[in-house]
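In this text the structure is predicted, and so the values were computed from the model without any measurement. The analysis underlying the following values was restricted to heavy atoms, covering all of them including side chains, and did not include hydrogens, waters or symmetry mates.
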Amino acid sequence: MYRFIPILIVLAACAETDLPEPGSAELDAAPVDLAFCKGEPFAQSVGQPVSTIQASLPERSRVLGPDDIATQDYRIDRLNVYVNGAGVIQRLTCG
C-alpha cells in the first residue's frame, strides 16, 4: 500500500492546472492598491498612451510592453505600467 504513495505524488505533480489567461476578466478582477508604489495619480490613465505620463512616473517605475523581458523580483514600491504594442496603457500594478 505504501509503495504507491511516491507514484501518486509524481502523478499529482504532473496534474494540469487551470490558470487564468493574461488579459482575462478573472485575472483583472482583483482590485489593485496603487498607494504602495505611488501610482494612485495614474490610475485613470488606463487606455491612454504611455507617453502622456512617462515623464511624471515615480522613480522606481517600469514600462513593460507585450514582448519585454522583466525580472521576477517583487518590489512593493515599484510601479509596473503594462502597455500594448501601440504604447497604450493596459494596466497598472505594484511589484
Side-chain angles (χ1 to χ4, degrees):
M1 176 70 181
Y2 293 109
R3 63 180 173 215
F4 295 114
I5 291 176
I7 295 171
L8 294 175
I9 291 173
V10 169
L11 289 175
C14 295
E16 206 171 300
T17 58
D18 295 328
L19 297 174
E21 292 292 322
S24 69
E26 189 176 326
L27 184 64
D28 296 336
V32 177
D33 186 10
L34 298 173
F36 294 111
C37 55
K38 301 177 184 171
E40 288 177 333
F42 309 106
Q44 303 301 321
S45 299
V46 175
Q48 297 178 2
V50 72
S51 59
T52 60
I53 65 164
Q54 197 158 16
S56 60
L57 288 174
E59 182 180 333
R60 294 185 186 262
S61 62
R62 61 183 177 181
V63 177
L64 299 168
D67 296 325
D68 289 349
I69 298 172
T71 60
Q72 295 296 315
D73 62 325
Y74 184 78
R75 298 184 63 136
I76 193 67
D77 61 337
R78 177 174 51 205
L79 176 65
N80 296 313
V81 181
Y82 293 92
V83 298
N84 63 9
V88 176
I89 301 170
Q90 299 297 305
R91 65 184 172 118
L92 302 169
T93 61
C94 291

Could you list the donor-acceptor pairs under 3.5 angstrom formed by side chains in residues 67-74, with sequence neighbours left out?
residue: D68; atom: OD2; partner: G65; partner atom: N; Å: 2.6
residue: T71; atom: OG1; partner: R62; partner atom: NH1; Å: 3.3
residue: T71; atom: OG1; partner: D73; partner atom: OD1; Å: 2.5
residue: D73; atom: OD1; partner: R78; partner atom: NH2; Å: 3.3

Closest non-hydrogen atom pair, [X] against [Y]:
| X | Y | value |
| --- | --- | --- |
| S45 | I53 | OG-CG2, 3.5 Å |
| S56 | F42 | O-CZ, 3.1 Å |
| C37 | P58 | O-CG, 3.8 Å |
| L92 | L34 | O-CD2, 3.9 Å |
| V46 | R91 | CG2-CA, 4.4 Å |

Quick one: do L57 and V83 end up in the same hydrophobic cluster if we chain Ile, Leu, Val, Met, Phe, Trp and Tyr together by side-chain heavy atoms under 4.5 Å apart? yes
Quick check on the hydrophobic clustering: are V50 and L64 connected, directly or via other members, by side-chain heavy-atom contacts under 4.5 Å? no
Could you tell me which residues satisfy salt bridge (Lys or Arg N to Asp or Glu O under 4.0 Å) with R60, sequence neighbours excluded, listed by chain and number? D77
